Q: 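Handing you a structure now.
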Amino acid sequence: MGQLTDKTALVTGASTGIGFAAAERFVAEGACVYLTGRREQELESAAEALGDRATAIQNDVSDPEDLDRLFERIADDGNRLDIVFANAGGGEAGQPLDSLTPEAFDHTFGINVRGTVFTVQKALPLLNAGGSIVLTGSSSARRGIVGFGVYSATKAALRQFSRVWAAELAPRGLRVNTVVPGPTDTPGLRGLAEDPDQAGELVDALSSSTPLGRAADPAEIANAVLFLASDQSSFITGSELFVDGGEVQVYP
Ligand SMILES: NC(=O)c1ccc[n+]([C@@H]2O[C@H](COP(=O)([O-])OP(=O)(O)OC[C@H]3O[C@@H](n4cnc5c(N)ncnc54)[C@H](OP(=O)(O)O)[C@@H]3O)[C@@H](O)[C@H]2O)c1
């Protein structure tokens, strides 16, 4: 019997990277998983790779009406949720204060913060007592990386929301935790390189900030997400779990 047998999970941003790795791990542990993302083809391919217990629903978390449609669809399927991994997000490099535009600010906050807030809010009516909500933070929120002000601020905001939600939702039997990846070799990270041919160099450069001297494989982040999503972490809420090769704790 798997750790998530008979559980139903929602993973936002699950077509690639960390979200896909988590969805894959959830399915391997016996869960039925709803996967979301904006690009239909990537999403369908991801769900197909995971088999019958994976369902793709195309969705943009930054659009509250689209989020309503997502949860209506899950309810129409006759399902409730035990796990919400609100992971959809990303950012752009090279946004120092002096060249930051309101549009770029709103875009990143709209996906990472507003998208996560309303994903969790709109999931609440479907969440079973005993359920687990996991957010995706970032080790960059503890560091001062030039050009990452907006992105790292979105992740700092999520960290604070998770503390407050842990208190607000405990009476409903829900736990809220944040997984904090360090540099992780995903299409999202590689996409930060201005020149795709230099993506490997970018990953290497970012990895040099970790004592372990490498980037994470998305599956290593998924292991931590599984722990936070499962009953193995039943007495843990409001916490952040760093999966960052020691980046934040060793080189603060
Ligand atoms: N990789 C790292 O080094 C790292 C480190 C710390 C934190 N993180 C965080 O980890 C999370 C996953 O990132 P990743 O590295 O795995 O990147 P990724 O490979 O680019 O995956 C991001 C996923 O989110 C989806 N997505 C993006 N915007 C969305 C939206 N508005 N609505 C719905 N889905 C959306 C993407 O699909 P579509 O584009 O098709 O929508 C994709 O499935 C993000 O929150 C990121 O900030 C990553």
Side-chain angles (χ1 to χ4, degrees), residues 10-25 33-47 49-50 54 56-67 69-70 84-93 106-119 122 134-143 145 148 150-159 162 178-193 199 202-207 209-210 214-222 224-225 240-245 247-248:
L10 167 67
V11 180
T12 65
S15 51
T16 60
I18 291 167
F20 176 75
E24 186 175 38
R25 193 69 209 275
V33 182
Y34 286 97
L35 290 79
T36 78
R38 295 165 301 181
R39 287 165 301 161
E40 190 167 18
Q41 190 53 55
E42 278 76 2
L43 186 65
E44 291 295 343
S45 302
L50 299 186
I57 304 180
Q58 187 183 20
N59 185 263
D60 181 347
V61 296
S62 68
D63 177 349
E65 289 179 7
D66 209 20
L67 282 173
R69 283 189 284 275
L70 167 67
V84 174
F85 179 31
N87 163 76
E92 283 168 36
D106 286 348
H107 178 74
T108 305
F109 266 81
I111 296 174
N112 293 3
V113 182
R114 199 181 63 193
T116 300
V117 169
F118 289 102
T119 296
K122 291 170 187 289
V134 182
L135 311 185
T136 303
S138 170
S139 60
S140 67
R142 295 293 193 97
R143 306 184 60 222
I145 306 173
F148 273 81
V150 175
Y151 174 73
S152 57
T154 64
K155 296 300 187 177
L158 292 185
R159 182 16 184 156
S162 73
T178 304
V179 67
V180 186
T184 306
D185 196 348
T186 65
L189 186 70
R190 287 180 172 261
L192 292 178
L202 176 78
V203 173
D204 289 345
L206 291 171
S207 304
S209 64
T210 70
R214 64 176 177 84
D217 185 286
E220 295 177 289
I221 312 299
V225 177
E240 51 189 338
L241 177 50
F242 289 86
V243 195
D244 65 349
E247 187 180 35
V248 170

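On a predicted model such as this, the values are computed, not experimentally measured, just so you know. Order of appearance sets the numbers: ligands from 1, and atoms from 1 within every ligand.
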Q: Are Asp63 and Arg69 side-chain neighbours, meaning at least one heavy-atom pair lies under 4.5 Å?
A: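 Heavy-atom side-chain distance check passes, below 4.5 Å.
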Q: Are Tyr151 and Ile145 side-chain neighbours, meaning at least one heavy-atom pair lies under 4.5 Å?
A: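 Not touching, per the 4.5 Å side-chain cut-off.
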Q: Verify, without hydrogens or angle tests, whether Thr186 (side chain) and Ile18 (backbone) share a donor-acceptor contact under 3.5 angstrom.
A: no
Q: Which protein heavy atom lies closest to atom 32 (N) of ligand 1, and at what distance to 0.1 Å?
A: Val61 N, 2.9 Å
Q: Determine whether a donor-acceptor pair (N or O, by modelled atom type, separation under 3.5 Å) exists between the side chain of Arg114 and the backbone of Ser62.
A: yes
Q: Just checking, is any N or O donor in the side chain of Arg159 or Ser162 under 3.5 Å from an acceptor N or O on the other one?
A: yes
Q: May I ask you to check whether Ser138 has an N/O atom sitting below 3.5 Å from an N/O atom of ligand 1?
A: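 Between Ser138 and ligand 1, no N or O pair is found under 3.5 Å apart.
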Q: What atoms of ligand 1 come within less than 4.0 Å of a heavy atom belonging to Gly90?
A: 47 (O)
Q: If you define the side chain from C-beta out and look only at heavy atoms, does anything of Leu158 sit under 4.5 Å from Thr178?
A: no
Q: If we only consider heavy atoms of Ala14, is any one of them less than 4.0 Å away from an atom in ligand 1?
A: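 Judged by the 4.0 Å heavy-atom criterion, Ala14 does count as contacting ligand 1.
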Q: Heavy atom of Gly191 under 4.0 Å from ligand 1?
A: no
Q: Assess Thr12 for proximity to ligand 1: is some non-hydrogen atom of it under 4.0 Å away?
A: no
Q: Does ligand 1 have a heavy atom under 4.0 Å from the side chain of Ser15, from its backbone, from both, or from neither?
A: both
Q: Considering both backbone and side-chain atoms of Thr16, is one of its nitrogen or oxygen atoms within less than 3.5 Å of a nitrogen or oxygen in ligand 1?
A: yes
Q: Evaluate Thr186 for polar contact with ligand 1, using N/O atom pairs at a separation under 3.5 Å.
A: yes
Q: Could you find the nearest protein heavy atom to atom 33 (C) of ligand 1 and give me its residue, atom name and distance?
A: Asn59 O, 3.2 Å
Q: Answer whether the closest heavy-atom distance between the side chains of Leu67 and Val61 falls below 4.5 Å.
A: yes
Q: Has Asn87 got a side-chain atom pairing as donor or acceptor with Thr12's backbone, closer than 3.5 angstrom?
A: yes
Q: Please report which non-hydrogen protein atom sits nearest to atom 23 (C) of ligand 1, along with the residue it belongs to and the distance in Å to one decimal place.
A: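 I find the closest protein heavy atom is Gly13 O, 3.4 Å.
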Q: With heavy atoms only and a cut-off of under 4.0 Å, state how Thr184 meets ligand 1: side chain, backbone, both or neither.
A: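 Answer for Thr184: both.
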Q: Return yes when Gly137 approaches ligand 1 closer than 4.0 angstrom through a heavy atom, no otherwise.
A: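 Heavy atoms of Gly137 do come under 4.0 Å of ligand 1.
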Q: Give the residue and atom name of whichever protein heavy atom lies nearest to atom 35 (C) of ligand 1, and the separation in Å to one decimal.
A: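 Sorting protein heavy atoms by distance from atom 35 (C) of ligand 1 puts Ala88 CB, 3.7 Å first.
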Q: Is it the side chain, the backbone, both or neither of Lys155 that has a heavy atom closer than 4.0 Å to ligand 1?
A: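 Only the side chain of Lys155 comes within reach of ligand 1.
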Q: Polar-atom distance check: Asn112 versus ligand 1, any N or O pair below 3.5 Å?
A: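 No: no nitrogen or oxygen of Asn112 is under 3.5 Å from one in ligand 1.
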Q: Ignoring hydrogens, just give me the one of Asp60, Leu189, Thr136 whose non-hydrogen atom is nearest atom 10 (O) of ligand 1.
A: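 Residue with the shortest heavy-atom distance to the ligand atom: Thr136.
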Q: Counting N and O atoms only, with roles assigned by atom type, does the side chain of Asp185 sit under 3.5 Å from a partner on the main chain of Ala215, one being a donor and the other an acceptor?
A: no
Q: Does the side chain of Asn112 pick up a donor-acceptor pair with the side chain of Thr154 at under 3.5 Å?
A: yes
Q: Among protein heavy atoms, which sits nearest to atom 48 (C) of ligand 1, and what does the distance come to when rounded to 0.1 Å?
A: Ile18 CD1, 3.8 Å
Q: Would you mind telling me if ligand 1 is within reach of the side chain of Tyr151, the backbone, both or neither, using heavy atoms under 4.0 Å?
A: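 Under 4.0 Å from ligand 1, Tyr151 contributes side-chain atoms alone.
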Q: So, do Leu189 and Thr184 sit near enough that their side-chain heavy atoms are less than 4.5 Å apart?
A: no
Q: Just to confirm my output: which protein heavy-atom neighbour is closest to atom 39 (O) of ligand 1, and how far is it?
A: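 The protein heavy atom lying closest is Arg38 NH2, 2.9 Å.
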